[in-house]
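Just below is one structure, and these are the notes that go with it.
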Amino acid sequence: MHQEDLFKKLTAHCKEYGFIFQSSEIYDGLSAVYDYGQYGAELKNNIVKYWWDAMVLLNDNIVGIDSAIFMHPSVWKASGHVDAFNDPLIDNKDSKKRYRADVLIEEYIDKLEEKISKEVKKAAKRYGDKFDETMFRQTNKRVLDNIELIDSVKKRFIEASEKGDLEGIRQIIIDCKIADPESGSRNWTDVRQFNLMFETRLGSVSEDASKIYLRPETAQGIFVNFMNVQKSGRMKLPFGIAQVGKAFRNEIVARQFIFRMREFEQMEMQFFVRPGNEHEWYEYWKEKRMKWYKALGFDENKFRFHDHVKLAHYAKAAADIEFAFPFGFKEVEGIHSRTDYDLGQHQKFCGRKLQYFDTELNKSYVPYVVETSIGLDRMFLTLLAAAWDEEKIEKDNGAQDQRIVLRLPPSLAPVKLAVFPLVRKDGLPEISQKIRDDLRFDISCQYEEKDSIGRRYRRQDAIGTPFCITVDHQTKEDETVTLRYRDTMKQERVPAGKLREILGEKVSMKKLLQTL
Ligand code: GAP
């Protein structure tokens, strides 16, 4: 299937099955803002639990907090967001569409990299076993020309970004003949900076009110609480502080469903280390975080690292974990070596010491920070895209059929077990409800009695329910039920009394966490 079609289907599926709705839809919606429906909210909670437990439960030296969205405006001056949390935007004069200039350049570089991969693949096919990829990359003229071009564009882009040279950024777009991806036009305006923070007012009377911001990242809530947590928890370096919460950005280009939203959620962890040890911890967290994704059991080739070309104003090193979305490999999480930039800045702006006394070194210093920052909504989209499957199946009468199945890891699925009475009579609903009532404290269950069993299976497949049981007349005789597996569609007869034992481990988060 064409990847664009897949993405359209996924988006429609999210609405149809109660995962995600456009915000304020009855008023025609609000751009790049979404609401999570009944299954979406469950799935989101499960992702948070998987992350929180992997960070806080499994690490003695990481604690979790929950800081406020509103913060003192000086926080954002100190962090650099008031002055530097900008995106360079450019408009196309013909199409009137607005783009991020840096994204246009990054996409141009991606295309050149794709051209190189195609050359390599073509040659590998042509030469078979005799193919030496390293030699080919070092000698093939077309590959070398493209590598040279990529290097020069990257160099110009970094130089222009570091100097804040907006004309220089525009010139790259002109020189590379980058066209509007929608209209093909190359009629561009100047590049302008656009601050992404939302402003609001604190206070009831407008003269007294002071300007505050909706936080564009949760990380600053962690930095300003560094001393509170360190002292109250008697934390010793290295240690981490984690939190999950909303963040807000007035994104210029907000497309691709929940990939880029104006209100979204982050799961961030700041790991405070002794200066000099940051590189070792940066590498440690890169590997550790990648393992968290791979433990989910999807195709490992769909995840990769991508080192940043342009570093954020606070970072010394930065890498993304990317996932192969239907619209290409894109960032899900950033791992950043943030040095002592944030604590140092807050120390300057608040006039108080934000330092740690290292008893081994017998001195105080501002710790360095390695950050892991994952977008909860992007992780949600990652899971849906990775789990989505349209499978051709055969009906009982031999006819061809198709089912949409979300192959979610059982521990993350919104509903773990669906309980069906075969018919709505003969006491079968009562037996089913009793089984559900007995299991619901340990396993998230759903009782369903409408429609045929086949249709009920399809609905559960579509929301990713890993197990269904059917209660029938035989249940009344021998207390067994039919257990049906989502992935294989196999069915087996099991004692109702053994369901907790059979399913408990399969759907528990513990099993997933133990693989980390
Ligand atoms: N504290 C560091 C920080 O905020 P970031 O790379 O700007 O770094 C981290 O954001 C993660 O937050 C991203 O990897 C992405 O998953 C998520 N994110 C950022 N902007 C987003 C948006 N507009 N919509 C949805 N998720 C977003």
Side-chain angles (χ1 to χ4, degrees), residues 20 23 30-34 36 44 47-48 51 67 69 71 75-76 78-81 84-87 100 102-103 106 194-198 213-224 240-271 282 285-286 289-290 292-293 303-323 325 327 329-339 341-343 345 369-385:
I20 296 169
S23 160
L30 188 63
S31 159
V33 186
Y34 291 91
Y36 285 82
K44 212 169 160 204
I47 300 171
V48 172
W51 182 84
S67 71
I69 287 172
M71 301 180 78
V75 167
W76 305 110
S79 68
H81 285 81
F85 195 53
N86 300 320
D87 276 344
R100 271 176 57 180
D102 55 331
V103 171
E106 271 164 22
F194 178 80
N195 192 284
L196 299 183
M197 281 198 295
F198 283 104
Y213 301 95
L214 296 187
R215 66 180 179 199
E217 62 170 13
T218 59
Q220 297 304 324
I222 293 178
F223 289 122
V224 299
I241 305 177
Q243 83 163 322
V244 180
K246 291 267 186 180
F248 305 84
R249 296 184 190 177
N250 199 0
E251 297 283 359
I252 303 168
V253 184
R255 286 199 214 105
Q256 290 158 331
F257 194 35
I258 57 167
F259 181 80
R260 195 175 301 285
M261 301 153 88
R262 297 201 164 104
E263 173 181 340
F264 57 100
E265 255 175 285
Q266 289 185 316
M267 305 193 285
E268 299 202 291
M269 193 277 298
Q270 313 297 130
F271 201 70
Y282 172 68
W285 280 110
K286 267 177 75 176
R289 291 303 303 143
M290 185 56 105
W292 185 84
Y293 293 91
F303 296 92
R304 71 175 190 193
F305 285 116
H306 170 79
D307 292 317
H308 280 209
V309 179
K310 180 190 162 220
L311 294 176
H313 61 272
Y314 49 73
K316 188 177 176 188
D320 295 335
I321 293 180
E322 294 187 335
F323 172 72
F325 288 103
F327 41 84
F329 267 102
K330 297 275 177 223
E331 170 187 355
V332 183
E333 170 159 359
I335 295 123
H336 310 125
S337 182
R338 287 178 83 129
T339 66
Y341 175 82
D342 301 85
L343 286 180
Q345 284 292 100
V369 169
V370 174
E371 165 188 74
T372 69
S373 175
I374 159 173
L376 175 51
D377 313 270
R378 282 200 195 167
M379 186 55 202
F380 190 106
L381 191 58
T382 299
L383 273 175
L384 284 188

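Starting from 1, each residue takes its place in the sequence as its number. First listed ligand is number 1; within each ligand, the first listed atom is number 1.
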Could you walk me through whether F264 and R378 satisfy the side-chain contact (heavy atoms from CB on, under 4.5 Å) test, starting with their C-alpha distance in whole Å, then the side-chain angles of each, then the deciding distance to 0.1 Å, before giving a yes or no?
CA-CA 9 Å; F264 57 100; R378 282 200 195 167; over 6 Å; no
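For ligand 1, residues of the protein lying within 4.0 angstrom by heavy-atom distance are E217, A219, R249, E251, F259, R260, M261, F264, Q266, E268, Y314, E331, V332, E333, G334, H336, R338, E371, S373, G375, R378.
Y282 places a side-chain N or O within 3.5 Å of a backbone atom of A319 that can act as its donor or acceptor partner. For R304 (side chain) and E322 (main-chain N/O), no donor-acceptor pair under 3.5 Å exists by modelled atom type.
Of the listed residues (Y36, F259, F257, Y34), just one forms a side chain to side chain contact (heavy atoms under 4.5 Å, CB included) with D377, and that residue is Y36. With S373 as reference, E268 is the one residue of E268, E217, M267 to meet the side chain to side chain contact (heavy atoms under 4.5 Å, CB included) rule.
The aromatic rings of H308 and H306 are tilted relative to each other, their planes meeting at an angle between 30° and 60°.
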